[in-house]
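Take a look at the structure below.
As the structure is a prediction and not an experimental result, all values here were calculated from the model. Indexing begins at 1, ligand by ligand and atom by atom, following the structure's order.
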Amino acid sequence: MKFAAVVTAAAFTENQPESDTDMTTASTSLQNLASARDLFALTKPRVMSLVIFTALCGLLAAPGALHPVLGFTAILAISLGAGASAALNQWYEHDIDSVMKRTRSRPLPAGRMDRDTALHFGIGLSFFSVLLMGVAVNWLSAAILAFAIFFYAVVYTIWLKRNTPQNIVIGGAAGAFPPMIGWTAVTGDITVMPILLFAIIFFWTPPHFWALALFVNSDYSKAGVPMMPVVAGRQSTRKQIFGYSLILAICAIAPFALNATGAIYGTAAILLSIFFSALSFRVMVSKTSEPSDMVQEKQLFKFSIFYLFALFAALVADRAILAV
Ligand code: HEM
Ligand SMILES: CC(C)=CCC/C(C)=C/CC/C(C)=C/COP(=O)(O)OP(=O)(O)O
């Protein structure tokens, strides 16, 4: 311990700036570090980690083989494209992000970054990710990636979000493309299975998001965003959550029912979907109006994330076992 303390102290002393110029350089690099951190935050890394995971699972579950370097490049391109679309989303939404409690400490509303930086970063990274995918992997995957970025940054963010309570139902398509892109990176074509993977995330998105929207409702109404609970009310949203969770169950079990996967995926899909539907049912029959008492909604939101993670992990595990 003592030795470690001496070494740390020595290293610290060694790194001390000796002059004013050193001090300026040190503070500039600290600022650069802070903005690098903010650029990273602009990519919504926590949300995108699951997006990237579903893309990776799509790639690993697809029939055929892709050289590991190309597989890595495909996932890198999807990650950069997803991050770029999130940056463009925040460039456009700086006004409503500064009104909502949940989003006002983001780099733009908090004033730690100017809008042009976010715009240039988002556009530059979008082009780079699509070109990388096209040149290194294939142009079908690049085209779907470009469409997904456009769908999130323009169709959802600019057009749908502020105009219709169906915003996340239609806009959710953007988040449903990544496993399809992972799949086409390997196969180069679109078959029933990548369409089903798309459908799973498409029908998962409304319960995932509306569960959250129910307990952050006041944020959205304050910002004037017509999310479903704001426009149609809590009870209608709760019924729709249950409806979508039943459609989700059908889509999740379909790959097994169609013999496209084995029993590992089938068992996981059935158990996870029963639990998801049960939690959605509890939300539907709940009458709570106080956000702090919305235990069922909070549980459903948390479980939605586990559900998608576990379902896609089961898909890959199933494929790995079948291959042995
Ligand atoms: C239009 C579609 C979607 C909407 C509107 C939406 C909205 C949200 C919101 C508002 C949050 C709260 C956290 C935050 O402040 O960012 C959240 C969390 C999350 N979302 Fe979604 N989401 C959507 C689609 C997706 C998709 C497609 C995925 C992954 C495949 C995903 C994964 C996650 C994860 C992992 C979290 C938790 C992040 C954390 O722990 O902070 N979401 N989502
Ligand atoms: C490859 C590719 C382009 C992937 C994109 C994946 C995608 C669309 C994910 C959606 C995730 C997300 C953070 C939605 C938040 O909605 P919001 O922006 O309305 O949330 P906010 O209120 O937190 O800003």
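- In this structure, Y220 is part of the shell of residues with a heavy atom less than 4.0 angstrom from ligand 2.
- At under 3.5 Å, not a single nitrogen or oxygen of S85, backbone or side chain, sits near a nitrogen or oxygen of ligand 2.
- In this structure, atom 11 (C) of ligand 2 lies nearest to the protein heavy atom V47 CG1, 3.6 Å.
- S273 and Y307 are linked by a side-chain donor-acceptor pair at a separation below 3.5 angstrom, with hydrogens and angles left out of the test.
- In terms of protein heavy-atom proximity, atom 7 (C) of ligand 2 is closest to G175 CA, 3.7 Å.
- Residues L131, V135 make up the rest of the hydrophobic cluster containing W139, defined by ILVMFWY side-chain heavy atoms closer than 4.5 Å, directly or through other members.
- For ligand 2, the polar-atom distance check against T103 finds no nitrogen or oxygen pair separated by under 3.5 Å.
- For R102, the heavy-atom gap to ligand 2 drops under 4.0 angstrom.
- A salt bridge is defined here as a Lys NZ or Arg NE, NH1 or NH2 lying under 4.0 Å from an Asp or Glu carboxylate O, and K101 with D219 fails to meet this definition.
- Ion pairing between a basic and an acidic side chain is recognised when a charged N comes within 4.0 Å of a carboxylate O; R162 and D95 show such pairing.
- Which parts of ligand 2 touch I149 is read off a 4.0 Å heavy-atom cut-off, strictly below it: atoms 3 (C).
- Near A174, the atoms of ligand 2 lying under 4.0 angstrom from a non-hydrogen atom of the residue are 8 (C).
- Through direct or relayed side-chain contacts under 4.5 Å between Ile, Leu, Val, Met, Phe, Trp and Tyr, V99 connects to no other residue.
- Screening L197, L59, L60 for a side chain to side chain contact (heavy atoms under 4.5 Å, CB included) involving W183 leaves a single residue, L197.
- For the side chain to side chain contact (heavy atoms under 4.5 Å, CB included) with F121, the lone residue among L88, L39, D116, D38 that qualifies is L39.
- Taking every heavy atom of L145 and a limit of under 4.0 angstrom, the matching atoms of ligand 2 come to 1 (C).
- Within ligand 2, counting atoms from 1 as listed, the ones closer than 4.0 Å to a heavy atom of R106 are 21 (P), 23 (O), 24 (O).
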Quick one: ligand 1 N/O to protein N/O pairs below 3.5 Å?
from	atom 1	to	atom 2	distance (Å)
ligand 1	15 (O)	R102	NH1	2.6
ligand 1	20 (N)	H208	NE2	3.1
ligand 1	22 (N)	H208	NE2	3.2
ligand 1	40 (O)	R46	NE	3.2
ligand 1	40 (O)	R46	NH2	2.9
ligand 1	41 (O)	R46	NE	2.8
ligand 1	42 (N)	H208	NE2	3.1
ligand 1	43 (N)	H208	NE2	3.2

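- Heavy-atom proximity to Y152, at under 4.0 Å, picks out these atoms of ligand 2: 8 (C), 12 (C), 13 (C), 14 (C), 15 (C), 16 (O), 17 (P), 18 (O).
- Here the heavy atom of the protein found nearest to atom 9 (C) of ligand 2 is M48 CE, 3.9 Å.
- A salt bridge links R238 with E297: the closest approach of a Lys/Arg side-chain nitrogen to an acidic carboxylate oxygen falls below 4.0 angstrom.
- In this structure, Y156 is part of the shell of residues with a heavy atom less than 4.0 angstrom from ligand 2.
- In summary, the atoms of ligand 2 found under 4.0 Å from a heavy atom of A148, numbered by their order in the structure, are 3 (C).
- With sequence neighbours excluded, the residues satisfying side chain to side chain contact (heavy atoms under 4.5 Å, CB included) with T164 are L160, Q166.
- A82 CB, 3.8 Å is the protein heavy atom nearest to atom 4 (C) of ligand 2.
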Go through it in stages, so that I can follow the logic: the residues are L196 and L258, the test is side chain to side chain contact (heavy atoms under 4.5 Å, CB included), and I'd like the CA-CA distance, side-chain angles, deciding distance and then a yes or no. CA-CA 11 Å; L196 283 175; L258 296 173; 3.9 Å; yes
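- K44 and N89 share a donor-acceptor pair across their side chains, judged by distance under 3.5 Å alone.
- For the residue pair T288/D293, the side-chain donor-acceptor check at 3.5 Å is not satisfied.
- Connection of L246 to I250 is not established within any shared hydrophobic cluster, with ILVMFWY side chains joined at heavy-atom distances below 4.5 Å, either directly or through further cluster members.
- Among protein heavy atoms, atom 20 (O) of ligand 2 sits closest to K44 NZ, 3.7 Å.
- Remark: side-chain polar atoms of W204 are paired, donor with acceptor, to backbone N or O of S304 under 3.5 angstrom.
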